[in-house]
Structures are given as C-alpha cells and as structure tokens.
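What follows is a single structure, written as structure tokens, with notes after it.
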Amino acid sequence: MVINEKFLLSAGAEVKEYNSGDIIFHDGATPHYYYQIIKGKVKLNNYNKEGKELIQKIITEGESIGESLLFIGKPYPMDAVALEPCSIIKLCRNNFFSMLNVYPQLYLDLCKELSDCLYYQYIMLQSNSSQNPSERIMGVLDYLKASKKDQAPFSFKIPFTRQQLASLTGLCVETAIRVIKDMERKKVVMIKDRKIYF
DNA sequence: CCATTAAAGTTGC
DNA sequence: GCAACTTTAATGG
C-alpha cells in the first residue's frame, strides 16, 4: 500500500464505494483528490479516434490512482473506471498536501510509487512498440509475473480477460486470442477453463 | 432448479 | 477486422 489508510483517514479522507463500470474520474477533468484503492480493480484508459480502447494500466489493492496529476495540476489525460465493485479512499488535494507537510516521510512512499509507475511505462512502451503481437502480449505477462513470488511455469493465473490484454497492448481481441493460442501450442502458457496460466 | 440474456471467447472469411 | 457462431456467467423466476 502506498500510504497507510490510518494516515489518510486521520487527514480527513473518506471511503467511497464504486460499482463495476462506475467512473472515478474522466479524461480532461481537474484532479481534486488523492485516490487509493482499498479493494477492487480499476482501469486507466483512453479511446482513440476510431473509438478503440487503449488501457494504460489496470491497478488494484493498495495502489493510488493518478496521483502524479496532483503534483502538476494538469487535467487527467485518461479515464479511471472501476472494473468490479471497489472501495476507494479519497482525500482532497488540500488535505493531501497538508498531510505531506505533517508527515514528510510519506514523500518517500509516493516517490517510490511514482517510480514504479514510470518503470511500468518504460517496460510496456518497449514491448508495445514491437511489430510482433506475441512480443506485446509477452511484455504484459512478463511484467505481471515479475512481481510474483512463485516463478514456476504456469503458476500465475492471468487476472485479465483476452479483451483487456488486447486493449493493454493495442491489439484487437482476435489477434490476442490467436497469439495466446499459439503460445499455448508452444507451451509458453497453459489454458484451463479459459483462464490463462503463465 | 431451469430459462433467458448478456458477456466473453472463438473461428472463418 | 468484421460478423457469425459457441460457450460461460449472470439474472430472475
């Protein structure tokens, strides 16, 4: 978790519940809150001109949402949408910065979180700029599994749908499905009950 | 439990 | 990448 929930609550934060599909903030909106996920999954996404969805990132328990924008005061460059019922703690901008004044050591935690996000962007841009669709999918899988304790083959159940994997890599679902099936033939992944194990 | 429908996954073109 | 098709999950009797 980025910041201990007790700190956030004592600084005046409140917990809000969201249903699947609820918008947490819109592309273009001004950031007024620091958000941190207590429970659930959230996607950060954009839509291109053709209406195709690009998912920048899917984030979950303990992670903060769009915190970088609070520091630079620019409008959100993406939507944040709940993918399942979520509990999210929100702290308004002023209280957030007051809290940082009182507990300056929290800057280190935020710095680490921002660095993790930046690292994710570096890695994903590299694999997503490949012409080869299987390298793009592998990029996501490798990144996700890197943080897991168990590195044994097929020990990690991919928590995303094929559509989400496609949107994360700028591919269309059909291509993602074909690539994943090919990876199954090559024994890179295992598919059981439609779930992907890597 | 079953029927209905929505969502996700699949396949041929 | 579209469209048709199959399978699974969700919803409401």
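By convention in this document, chain letters (A, B, ...) are assigned in the order of the sequence lines, proteins followed by strands, and residues within each chain are numbered from 1.
- Close to C:dT7, at under 4.0 Å from its OP1 or OP2, lies no side-chain N or O of A:R194.
- Atom C1' of nucleotide B:dG9 and atom CG of A:D193 are separated by 13 Å, given to the nearest angstrom.
- Residue whose closest nucleotide on DNA chain B sits further toward the 5' end, between A:K195 and A:R178: A:K195.
- Here B:dT10 presents its C1' atom at 9 Å from CZ of A:R162, a figure rounded to the nearest Å.
- Among the heavy atoms of the strands lying under 4.0 Å from A:E174 is at least one base atom, whether or not backbone atoms are also near.
- Between the C1' atom of B:dA8 and the CD atom of A:E53 lies a distance of 15 Å, rounded to the nearest Å.
- In this structure, CD of A:E50 is placed 10 Å from P of C:dC2, rounded to the nearest angstrom.
- Between A:F25 and A:Y76, the ring planes are parallel. Angles under 30° get that label, and only those over 60° would be called perpendicular.
- In this structure, CG of A:D182 is placed 17 Å from C1' of B:dG9, rounded to the nearest angstrom.
- A distance below 6.0 Å separates the ring centres of A:Y103 and A:F7.
- Protein atom CD of A:Q164 is 11 Å distant from nucleotide atom C1' of B:dA8, rounded to whole Å.
- Note: CD (A:Q163) to P (B:dA6) measures 18 Å, nearest angstrom.
- In the set B:dT10, B:dG9, C:dG1, B:dG9 carries the atom at the smallest distance from any side-chain atom of A:T161.
- Using a 4.0 Å cut-off between charged side-chain N and carboxylate O, A:R178 and A:D182 make no salt bridge.
- Taking the six-membered ring where the residue is Trp, A:F71 and A:Y107 present tilted rings, their angle falling between 30° and 60°.
- Rounded to an integer number of Å, the gap from A:I177 CD1 to B:dT11 P is 8 Å.
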